[in-house]
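Below is one structure; the comments refer to it alone.
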Amino acid sequence: MLGKFFKKPADDMGGRVPPGQTLTTRFPVLTYGPSQQYAPEEVVVRILGLAEEHTFTWTDLLALPQTTLTYDIHCVTHWSKFDTTWTGVRVVDLMEHIRLKPGATHVMQHSVGGYTTNLRLDDFTRPENLIAHTFNDGPLAAEHGGPLRMVVPHLYFWKSAKWLTGLEFMDADRPGFWERNGYHMRGDPFREERYDDD
Ligand SMILES: Nc1nc2c(c(=O)[nH]1)N[C@H]1C(S)=C(S)[C@@H](COP(=O)(O)O)O[C@H]1N2
Ligand SMILES: [Mo]
C-alpha cells in the first residue's frame, strides 16, 4: 500500500518535470530573428505606460541589491533544464523604485529588436523573478540575452525576454510577440498552457 504512495514516475523526478517536457543538460538557444550583441554600458531599462517614467542604466541596476537564485526552466519546445543559477536584480527590489499609477494590472516586456512578451502583474512581481546579468558565475552570454534579460521561471521560457529594454505597465492584458502568434497568454508549464486554444 505504502509503495503506491512513494513510487514516483521515474521520468518526472517527483513532479519537477512539467507534463510533455524532457530534461536536458544542454542550454539550447531559442531566438526569433537575429541574436543581439551590445555592451553593458548601453543597457537601459525604460519604465513606461501606467507608471512614472523612469530609466534604469546598467550602473543604476548594479547599485540595487544583487541576488543569486537557482531554479528550473521550461521551454515550450519541450525541454526543461534543472538547477540554472542566475544573478541579478529581483523584480521586487526593482519595484521599490517604480511608482505604478492606479489601474496597472499587466506588464509588457520590451527587447532590443522588437521582441515583446506580456505578464500579469502578479506573475511579474513574484519574489523569484530576476532581471539577470549573470549565469552560473559568468556574464550572461549574448545569445542567452546578455547583457541583461528577464527570468520568470514559473512560466514557459518565452515569457523571459532576452536583451530587456523596457517594462510597460498596462491596464489590460495585451499579447506580446509569440502570444499574437498563437501562444498562450499566460504560459504555465504545469498546466501545459502552450497554445491559445489550450
Ligand atoms: N528578445 C527575445 N527574448 C526571447 C526570445 C527571443 O526570440 N527574443 N525567445 C524566447 C524564447 S521562445 C525562449 S524559449 C527563451 C530562450 O532563452 P535561451 O535562448 O537563453 O534558452 O528566450 C525567450 N526570450
Ligand atoms: Mo521558447
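Every number for a ligand or one of its atoms is a count from 1 in the order of the listing. Basis for what follows: all heavy atoms, side chains included, without hydrogens, waters or symmetry-related copies.
The part of Arg149 lying near ligand 1 is the side chain, judged by heavy-atom distances below 4.0 Å. Heavy atoms of Trp163 found under 4.0 angstrom from ligand 1 belong exclusively to the side chain.
The shortest heavy-atom distance from Cys75 to ligand 1 is under 4.0 Å.
Using a 4.0 Å cut-off to heavy atoms of Thr31, the atoms of ligand 1 that qualify are 7 (O). Near Ser111, the atoms of ligand 1 lying under 4.0 angstrom from a non-hydrogen atom of the residue are 1 (N). Short contacts between ligand 1 and Val29, defined as distances under 4.0 Å to a heavy atom of the residue, involve ligand atoms 19 (O).
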- Query: Checking side chain to side chain contact (heavy atoms under 4.5 Å, CB included) for the pair Leu61/Leu94: CA distance, chi angles, key distance, verdict?
  - Reply: CA-CA 8 Å; Leu61 292 166; Leu94 190 82; 3.8 Å; yes

- Query: What's the verdict on side chain to side chain contact (heavy atoms under 4.5 Å, CB included) for Tyr183 and Phe177, showing C-alpha distance, side-chain angles and the deciding distance?
  - Reply: CA-CA 9 Å; Tyr183 281 18; Phe177 172 75; over 6 Å; no

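Of all protein heavy atoms, the one closest to atom 24 (N) of ligand 1 is Ser160 O, 2.9 Å. Ranking the protein heavy atoms by distance from atom 13 (C) of ligand 1 puts Phe157 O, 3.7 Å first. At the shortest separation from atom 9 (N) of ligand 1 among protein heavy atoms lies Leu30 O, 3.1 Å. Summary of contacts: the protein heavy atom closest to atom 18 (P) of ligand 1 is His144 ND1, 3.4 Å. Looking from atom 1 (N) of ligand 1 to the surrounding protein, the closest heavy atom is Lys162 O, 3.0 Å. The nearest protein atom to atom 21 (O) of ligand 1, hydrogens excluded, is given as Pro28 O, 2.7 Å; this is a heavy-atom distance. Protein heavy atom at the shortest distance from atom 12 (S) of ligand 1 is Trp158 CB, 3.4 Å.
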Donor-acceptor contacts, no H, no angles, side chain residues 144-155, under 3.5 Å, sequence neighbours left out:
{"unit_1": "Arg149", "atom_1": "NH1", "unit_2": "His144", "atom_2": "O", "d": "2.8"}
{"unit_1": "Arg149", "atom_1": "NH2", "unit_2": "Ser160", "atom_2": "O", "d": "3.1"}
{"unit_1": "His154", "atom_1": "ND1", "unit_2": "Arg126", "atom_2": "NE", "d": "3.4"}
{"unit_1": "His154", "atom_1": "NE2", "unit_2": "Asp123", "atom_2": "OD1", "d": "2.8"}

For a quick test of your reading: what N or O donor-acceptor pairs under 3.5 Å do the side chains of residues 26-44 make, sequence neighbours left out?
{"unit_1": "Thr31", "atom_1": "OG1", "unit_2": "Lys162", "atom_2": "NZ", "d": "2.8"}
{"unit_1": "Glu42", "atom_1": "OE2", "unit_2": "Ala39", "atom_2": "N", "d": "3.1"}

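In terms of modelled atom types and a separation under 3.5 Å, the side chain of Asn181 and the main chain of Trp178 share no donor-acceptor contact. Although no hydrogens or angles enter the test, the distance criterion places no donor-acceptor pair under 3.5 Å between the side chain of Thr22 and the main chain of Trp79.
A salt bridge links Arg16 with Asp72: the closest approach of a Lys/Arg side-chain nitrogen to an acidic carboxylate oxygen falls below 4.0 angstrom.
Trp86 and Thr84 share a side-chain donor-acceptor pair at under 3.5 Å.
For atom 2 (C) of ligand 1, the candidate residues are Tyr32, Tyr115, Phe27; the nearest heavy-atom contact is made by Tyr115.
By the 3.5 Å distance cut-off applied to N or O atoms, Trp79 is not counted among the residues near ligand 1. Polar contact with ligand 1: absent for Ala161 (N/O pair, distance under 3.5 Å).
Checked against the 6.0 Å centroid criterion, the rings of His106 and Phe124 do not qualify as a close aromatic pair.
Partner of Glu179 under the side-chain contact (heavy atoms from CB on, under 4.5 Å) criterion, chosen from Arg174, His184, Met185: Met185.
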